[in-house]
Amino acid sequence: MARLNPVRGTHDILPDDNRRYRRVEETAYDVAGLYGFGEITTPVFEFTEVFSRTLGDTSDIVTKEMYTFEDRGGDLITLRPEGTAGIVRALISNGLQQDLPLKLFYRGPMFRYERPQKGRWREFRQVGIELLGVAAPIADIETIALAQQILSELGLADKVTLELNSLGDTESRAAYRDKLVAYLKQHESKLSEDSRMRLERNPLRILDSKDEGDRAIIADAPRLNDSLNEASRTFFDDVCTGLDDLGIPYEINPKLVRGLDYYCHTAFEFTTNELGAQGTVLAGGRYDGLSKQMGGPEAPGVGWAAGVERLSLLVDEGEAVPGPIAVIPMGDAAQRFAMTLTQKLRGKGFSVELGYSGNLGKRMKRADKLGACAAILIGDDELNRGSGTVRDMVTGEQSEVSWDAMEEHLARYR
RNA sequence: GCGAACGUAGCUCAACUGGUUAGAGCACCGGCUUGUGGUGCCGGGGGUUGGGGGUUCGAGUCCCCUCGUUCGCCCCA
């Protein structure tokens with residue numbers, strides 16, 4: 001066992017994994033493009049307050065999960081634990097309010113100091129989108145539809161469920177919070193220890209408790225839905241109707257609550273039961289007050305983020321990439337010629353492998369291992385003849401092909 | 001941060017109740033084959049059994065600590 005290990009919760013992404021991650025990211029990027037989303041890249045770290053101010057003082061992310069350090073200039077810096085806060089900061093920094101509505105896609109690493117588990121890392125990758133500047137439910141609908149399309153293009157339509165809820169506007173949420181706390185206080189002694197803590201910090205979360213005793217109490221608790229005011233009610237109905245119109249299936253989950261302070265109205269998660277405790281694969285919601293809260297302009301927003309590692313655990317291998325063409329020289333003269341030929345073919349867009357050493361047998365073996373579709377053999381005979389021996393690695397058929405005709409002959413392997 | 005299980009070769013796993021030199025398959029390298037890959041046969045390199053301490057005549061095996069992984073809780077992508 002090697003002593004030199006990566007830091008806990010981080011991992012090296014080898015070429016095979018990267019291929020799968022890229023498939024997830026590229027699919028998300030491509031589909032987002034169909035909806036008119038452009039890619040934004042913000043720094044991987046920000047001033048700590050960008051996150052601490054926006055995520056909520058009581059959220060777990062802020063209280064125990066941030067990678068925070070002081071840089072040499074004495075500034076407090078945090079590796080971003082999520083993408084939204086940085087993007088809204090970018091909106092403000094760049095005066096982008098005049099370009100609203102904005103449709104932004106992002107991807108990249110996020111950092112949270114958590115206990116690693118399957119599908120949960122300390123450094124992990126997300127893809128996400130934010131739609132800023134649209135207060136109407138159509139934004140929520142479009143955002144969810146985009147998520148749905150990405151997931152189904154990844155072949156996950158049957159593996160995930162869309163859960164949906166409304167947190168209501170600030171007024172509704174505050175009213176509900178009061179009602180809920182009043183109810184729970186009556187049963188405080190019977191609540192689990194965790195939930196008693198949550199009663200102070202984030203009572204809504206108690207709705208989602210897995211403790212059996214808690215669940216019994218929650219069963220009779222006032223429902224969030226009943227506390228929605230007229231406007232919130234209508235908003236949520238419009239979102240649901242829109243999803244119905246598009247034929248996007250969902251389940252309303254009245255207990256779905258988001259952990260971060262800035263969410264309001266629509267909250268949603270795509271979940272799977274194939275990843276153990278890490279069932280959430282893509283999650284998001286509306287955050288109308290965030291920009292203002294950060295000292296920026298009024299800019300309602302809705303968006304989501306998805307875990308690339310989690311998604312790629314669900315995604316199939318994907319179609320095999322066509323193998324390269326192997327150029328196999330024998331002898332010094334052939335070696336030099338082969339280098340030139342290889343470069344020429346690469347210049348024409350072929351994927352070409354030129355082995356580094358070994359005799360014919362070795363090189364053939366290596367070409368086979370690489371999954372080469374064809375091999376071009378070059379020895380003294382070929383050099384004299386002015387043509388290469390092209391062997392089809394699947395059929396084993398060989399043919400003489402003049403250098404001039406090589407590109408055309410190889411076209412079949414593209 | 002809390003609870004539990006597990007850690008033997010690059011990978012997947014063996015090694016009876018503690019007992020000689022820790023094995024196998026796959027993978028890797030070489031040979032049969034210096035102008036021909038896949039199959040086959042032969043051979044080879046690889047391990048301070050995660051690390052440290054302890055018990056014992058003797059520890060991969062038992063005990064303690066530590067690190068790591070996995071599962072659950074918390075929370076989340």
Side-chain angles (χ1 to χ4, degrees), chain A residues 1-11 14 24 28 55 58-65 81-84 107-128 147 160 192-195 197-198 201-202 205-206 208-211 214 256-260 269-272 275-284 304-314 323 326 328-331 334 355 358-382 388-398:
Chain A
M1 269 298 143
R3 271 191 159 148
L4 232 33
N5 287 318
V7 173
R8 178 172 223 191
T10 66
H11 62 306
L14 303 181
V24 171
L55 302 179
T58 58
S59 72
D60 273 46
I61 289 186
V62 170
T63 55
K64 55 180 199 189
E65 294 178 3
E82 56 98 45
T84 305
R107 55 179 138 188
M110 305 291 165
F111 305 84
R112 291 183 199 170
Y113 191 87
E114 292 185 276
R115 191 77 184 269
Q117 274 180 45
K118 183 179 186 182
R120 178 202 283 175
W121 304 89
R122 286 182 173 180
E123 179 185 14
F124 60 102
R125 306 170 70 90
Q126 287 190 333
V127 293
V160 298
S192 68
E193 197 185 324
D194 280 336
S195 287
M197 295 274 292
R198 286 185 281 224
R201 295 169 55 173
N202 194 346
R205 287 234 72 96
I206 298 177
D208 210 19
S209 173
K210 284 164 192 163
D211 181 89
D214 288 352
L256 175 63
V257 191
R258 313 256 60 230
L260 308 181
E269 289 185 4
F270 284 85
T271 59
T272 176
L275 290 180
Q278 280 65 243
T280 304
V281 121
L282 182 154
W304 52 254
V308 173
E309 286 87 351
R310 285 187 189 176
L311 283 173
S312 74
L313 284 172
L314 299 176
I328 300 184
M330 289 159 280
N359 57 27
L360 177 56
K362 290 248 159 41
R363 288 174 186 256
M364 284 298 288
K365 204 170 267 191
R366 229 167 280 141
D368 184 53
K369 208 156 290 172
L370 288 169
C373 54
I376 304 174
L377 310 185
I378 308 167
D380 292 340
D381 294 350
E382 282 78 2
T389 301
V390 178
R391 180 180 178 89
D392 184 302
M393 293 298 279
V394 177
T395 65
E397 275 170 45
Q398 297 194 169

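In what follows, chains are A, B, ... by sequence order, proteins preceding strands, each numbered from 1.
Note: CE (A/Met330) to P (B/rG37) measures 12 Å, nearest angstrom. To the nearest angstrom, P of B/rG10 lies 15 Å from CG of A/Leu14. In this structure, A/Asn359 atom CG and B/rU33 atom C1' are separated by 9 Å, rounded to whole Å. Put simply, CD on A/Glu309 is 18 Å from P on B/rC76, counting in whole angstrom units. With rounding to whole Å, A/Gln398 atom CD is found 10 Å from B/rG37 atom P. One interatomic measurement links the two molecules: NZ of A/Lys362 to P of B/rC29, which rounds to 9 Å at whole-angstrom precision. Separating the CG atom of A/Asp380 from the P atom of B/rU36 is a distance of 15 Å, rounded to the nearest angstrom. When the P atom of B/rU34 is taken as reference, atom CG of A/Asp381 falls 17 Å away, rounded to whole Å.
Using a 4.0 Å heavy-atom criterion, one finds that A/Leu282 contacts the sugar-phosphate atoms exclusively. Within the 4.0 angstrom heavy-atom criterion, base atoms lie near A/Gly396. Across all strands shown, A/Arg125 has no heavy atoms under 4.0 Å from either base or sugar-phosphate atoms. Nucleic acid contact for A/Ala367: none, since no nucleic acid atom lies under 4.0 Å from a heavy atom of the residue. Heavy atoms of A/Glu382 sit under 4.0 angstrom from at least one base atom.
Straight-line distance between the C1' atoms of B/rC63 and B/rC71: roughly 25 Å, to the nearest whole Å. Between B/rG30 and B/rG38, the distance separating the two P atoms is 13 Å to the nearest Å. Nucleotides B/rU36 and B/rC11, compared at atom C1', are 31 Å apart to the nearest Å. Taking atom C1' on both B/rC13 and B/rG58, the two are 26 Å apart, rounded to the nearest angstrom. With both ends at atom C1', the span from B/rC76 to B/rA15 equals 42 Å, rounded to whole Å. On the C1' atoms, B/rG31 is 15 Å away from B/rG45, given to the nearest whole Å. Comparing the P positions of B/rG46 and B/rA9 gives a spacing of 15 Å, expressed to the nearest Å. With P as the reference atom, B/rG52 and B/rG60 are 12 Å apart, rounded to whole Å.
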Tell me which donor-acceptor pairs under 3.5 Å the side chains of residues 369-381 of chain A have, and how far apart each pair is, sequence neighbours excluded?
none

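Between the side chain of A/Arg125 and the backbone N or O of A/Val308 there is no donor-acceptor pair closer than 3.5 Å. Counting only distance, with no hydrogens or angles, the side chain of A/Arg120 and the backbone of A/Arg115 share a donor-acceptor pair below 3.5 Å.
The CE atom of A/Met330 sits 5.0 Å away from the CG atom of A/Leu360 when rounded to the nearest 0.5 Å.
Residues satisfying the side chain to side chain donor-acceptor pair (under 3.5 Å) test with A/Thr271, not counting sequence neighbours, are A/Glu163. Take A/Glu382 and apply the side chain to side chain donor-acceptor pair (under 3.5 Å) test, not counting sequence neighbours, and it matches A/Thr389. Contacts of A/Arg366 classified as side chain to side chain donor-acceptor pair (under 3.5 Å), with partners at least two apart in sequence or in another chain: none. Scanning for side chain to side chain contact (heavy atoms under 4.5 Å, CB included) contacts around A/Asp392 gives A/Val394, A/Thr395, A/Tyr413, with sequence neighbours left out. Legend: residues meeting side chain to side chain contact (heavy atoms under 4.5 Å, CB included) with A/Ala306, ordered by chain and number and at least two apart, are A/Val127, A/Leu282, A/Trp304, A/Leu311. Partners of A/Arg310 under the side chain to side chain donor-acceptor pair (under 3.5 Å) rule, at least two apart in sequence or in another chain, do not exist in this structure. Listed by chain and residue number, nothing satisfies the salt bridge (Lys or Arg N to Asp or Glu O under 4.0 Å) test with A/Arg391 (two or more places apart in sequence, or in another chain). The side chain to side chain contact (heavy atoms under 4.5 Å, CB included) test applied to A/Pro109 returns A/Val44, A/Arg80, A/Phe111, A/Glu123, not counting sequence neighbours.
Between the base of B/rG37 and the side chain of A/Arg366 there is no donor-acceptor pair shorter than 3.5 Å. At a cut-off of 3.5 angstrom, counting only N and O atoms as typed in the model, there is a donor on one side and an acceptor on the other between the side-chain of A/Asp368 and the base of B/rG37. Residue-to-nucleotide contacts include no donor-acceptor pair under 3.5 Å from the side chain of A/Glu65 to the base of B/rG1.
Between A/Glu397 and A/Gly119, the residue whose closest nucleotide on RNA chain B is further toward the 5' end is A/Glu397. Annotation: of the two residues near RNA chain B, A/Met364 and A/Lys369, the 5′-most nearest-nucleotide partner is A/Lys369.
Among the nucleotides B/rG38, B/rC76, B/rG35, the one closest to any side-chain atom of A/Arg310 is B/rC76. Set against B/rC28, B/rU36, B/rA77, the side chain of A/Glu114 has B/rA77 as its closest nucleotide.
For B/rC75, the OP1/OP2 oxygens have no side-chain nitrogen or oxygen of A/Arg112 closer than 4.0 Å.
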* Asked: Nucleotide by nucleotide, 5' to 3', does protein get under 4.0 Å of the base (B), only the sugar-phosphate (S), or neither (-) in nucleotides 39-44 of chain B, counting heavy atoms?
  -> ------

* Test side chain to side chain contact (heavy atoms under 4.5 Å, CB included) on A/Met364 and A/Asp368 and set out the steps. => CA-CA 6 Å; A/Met364 284 298 288; A/Asp368 184 53; over 6 Å; no

* Determine, step by step, whether A/Val7 and A/Arg122 satisfy the side chain to side chain contact (heavy atoms under 4.5 Å, CB included) criterion, reporting the C-alpha distance in whole Å, the side-chain angles of both residues, the deciding distance to 0.1 Å, and the verdict. => CA-CA 9 Å; A/Val7 173; A/Arg122 286 182 173 180; 5.7 Å; no

What's touching nucleotides 65-70 of chain B from the protein side, N or O pairs under 3.5 Å?
from	atom 1	to	atom 2	distance (Å)
B/rU69	OP2	A/Arg8	NE	2.8

* Structure fact -> Read 5' to 3' with Watson-Crick or G-U pairs under 3.5 Å, [ ] for crossing pairs and | for partners on another strand, RNA chain B gives (((((((..((((.....[...)))).(((((.......))))).....(((((..]....))))))))))))....

